[in-house]
Amino acid sequence: MHVPKIFAILAGVYIVGQFLYIVYYAIGLVQFNPFVKLKPLTPSEKQVLTDNFPIYRKLPEVLRARCEERIKWFRSRKKFVFYGAVSRQEDIKLILSGSLVLMTLGLKNYKMRRSLIRVIVYPSQYYSRISRRHHLGEYNPFFKTVVFSAEQLWEGFRIPNDNINLAMHEFAHALSYEMKRKGSWEAMKFRVGFREIHALLAAPLFREQMAATGYFREYGMTNTQEFFSVAVENYVETPQQFDQDFPELYGILKRMLKFEFR
């Protein structure tokens, strides 16, 4: 065989291989690969979860085992991409997986196959070419991608009760998109809850109470979708106060997520 033909064959194999690699991650086939090894959690990784999620140490043994199995699946089957000098990358994978898994621990659907393929992390604030603005975090349903600033991500866990948690906020966006068109019973119940939140947010008395207490961040008033994500942050970080001050809304989120953070 002539040398030019060999090079042509090798070039063709390389191009096909690159194309298949892109397709493999672009449409999320990695999520279905049965040969991807699920790495067990080490004692030090469990300690990271304990340090960053107060609820983790309180979980009954059965729920903790479920939580750990789901975390192993999520961090192995989703594509994590780091741009720039992002430190503690394995810890970031762990706390992001833990955030999503704990938020969906009461649900059957935690794999988010319709809504989430990849997670992108920058060291700090980044410029989004899509919105043409600087961001600390965002969810893009078209690309099925969540993007985070590592700096802001860690800040959300540094103070566990300030009702600001970037991971929970952006994953809440992904969850609502996931449930939007699914035909499962829990997805339909989720959508009922979302409509109830929309109606509650439109009620003048509820808005007056929100303004009087200042419990929810003003950003949540942007629209129902943003309010849901903001409310999830509060639901996770200060559940007792949430239930005391806004019991109706707390009950709606409890029915939607089927899990409490206390």
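Values below: all heavy atoms of this structure, side chains included; hydrogens, waters and symmetry mates excluded.
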Exercise. What about Val86 and Leu136, same hydrophobic cluster or not, with Ile/Leu/Val/Met/Phe/Trp/Tyr joined at side-chain heavy-atom distances under 4.5 Å?
Worked result: no
Exercise. Just checking, any donor-acceptor pair under 3.5 angstrom between side chains of Glu151 and Ser124?
Worked result: no
Exercise. Side chain to side chain donor-acceptor pair (under 3.5 Å): which pairs involve residues 199-215, sequence neighbours left out?
Worked result: Tyr215-Thr238
Exercise. In the hydrophobic clustering (ILVMFWY, side-chain contacts below 4.5 Å, transitive), which residues join Ile164, or is it alone?
Worked result: none
Problem set entry | Verdict with reasoning, Phe246 to Tyr235, per ring-ring contact (aromatic ring centres under 6.0 Å, His included) | CA-CA 10 Å; Phe246 295 89; Tyr235 185 80; over 10 Å; no
For this session: Provide the closest heavy-atom pair for Ile92 versus Ala150 in the form atom of the first, atom of the second, distance.
Result: CD1-CB, 3.9 Å
Exercise. Do side-chain atoms of Glu138 reach the backbone of Val147 as a donor and acceptor pair under 3.5 angstrom?
Worked result: no
Exercise. Any side-chain donor paired with an acceptor under 3.5 Å for Arg57 and Thr50?
Worked result: no
Exercise. In terms of hydrophobic clustering (I, L, V, M, F, W, Y; side-chain heavy atoms under 4.5 Å; direct or indirect links), are Leu253 and Phe216 co-clustered?
Worked result: yes
For this session: For the pair Asp243 (side chain) and Pro239 (backbone), establish whether a donor and an acceptor sit closer than 3.5 Å, ignoring hydrogens and angles.
Result: no
For this session: Please answer whether the main-chain N or O of Trp73 pairs with a side-chain N or O of Ser76 as donor and acceptor at a distance below 3.5 Å.
Result: no
Exercise. Do the ring planes of Phe194 and Phe190 sit parallel (below 30°), tilted (30 to 60°) or perpendicular (above 60°)?
Worked result: parallel
Problem set entry | Exam field: side chain Arg66 to backbone Leu105, donor-acceptor pair closer than 3.5 Å | yes
Exercise. Hey, are Lys72 and Glu69 close enough for a salt bridge, meaning a charged N less than 4.0 Å from a carboxylate O?
Worked result: yes
Exercise. Using a side-chain heavy atom cutoff under 4.5 Å and only I, L, V, M, F, W and Y, what cluster partners does Val62 have?
Worked result: none
Problem set entry | Tyr250 and Glu260 side chains, donor-acceptor separation under 3.5 Å | yes
For this session: Could you tell me how the ring of Phe261 sits relative to the ring of Phe259: parallel (under 30°), tilted (30 to 60°) or perpendicular (over 60°)?
Result: perpendicular
Problem set entry | Pairing of Glu90 and Lys93 as salt bridge, 4.0 angstrom limit | yes
Problem set entry | N/O donor-acceptor pair under 3.5 Å between Thr222 side chain and Tyr219 backbone | yes
For this session: Find out if a path of hydrophobic residues (ILVMFWY) with successive side-chain heavy-atom gaps under 4.5 Å connects Leu94 to Leu116.
Result: yes
Exercise. Is Glu186 salt-bridged to Lys258, cutoff N-O under 4.0 Å?
Worked result: yes
For this session: May I have the step-by-step check of side chain to side chain contact (heavy atoms under 4.5 Å, CB included) for Val146 and Leu100, ending in yes or no?
Result: CA-CA 11 Å; Val146 182; Leu100 187 282; over 6 Å; no
Problem set entry | Residues forming a side chain to side chain contact (heavy atoms under 4.5 Å, CB included) with Arg158, sequence neighbours excluded | Glu155
For this session: Can you sort out the partners of Lys58 under side chain to side chain contact (heavy atoms under 4.5 Å, CB included), two or more places apart, ordered by chain and number?
Result: Ile55
Problem set entry | Any side-chain heavy-atom pair of Leu153 and Ile95 under 4.5 Å | yes
Exercise. Taking the six-membered ring for Trp, are Phe157 and Phe53 ring centroids under 6.0 Å apart?
Worked result: yes
Exercise. When you measure from the side chain of Arg191 to the backbone N and O of Lys182, does any donor-acceptor pair fall under 3.5 Å?
Worked result: yes
Exercise. Ignoring hydrogens and geometry, is there a side-chain-to-backbone donor-acceptor pair from Thr104 to Leu107 under 3.5 Å?
Worked result: no
For this session: Applying side chain to side chain contact (heavy atoms under 4.5 Å, CB included), name anything that partners Tyr83, two or more places apart in sequence or on another chain.
Result: Val81, Ile120, Tyr122
Exercise. Any sub-3.5 Å donor-acceptor pair from Arg77's side-chain atoms to Lys111's backbone N or O?
Worked result: no
Problem set entry | Phe228, Tyr139, Phe148 screened by ring pair (Phe, Tyr, Trp, His ring centres under 6.0 Å) with Phe171, the one that passes | Phe148
Exercise. Checking side chain to side chain contact (heavy atoms under 4.5 Å, CB included) for the pair Val121/Gln89: CA distance, chi angles, key distance, verdict?
Worked result: CA-CA 9 Å; Val121 183; Gln89 293 186 9; over 6 Å; no
Seminar exercise, completed: Smallest heavy-atom separation, Ile71 atom then Gly98 atom, equals CD1-CA, 3.8 Å
Exercise. Are Phe74 and Tyr110 near enough that their ring centres are under 6.0 Å apart?
Worked result: no
For this session: Taking the side chain as every heavy atom from C-beta outward, state whether Leu175 and Ser115 have any pair of such atoms under 4.5 Å apart.
Result: no
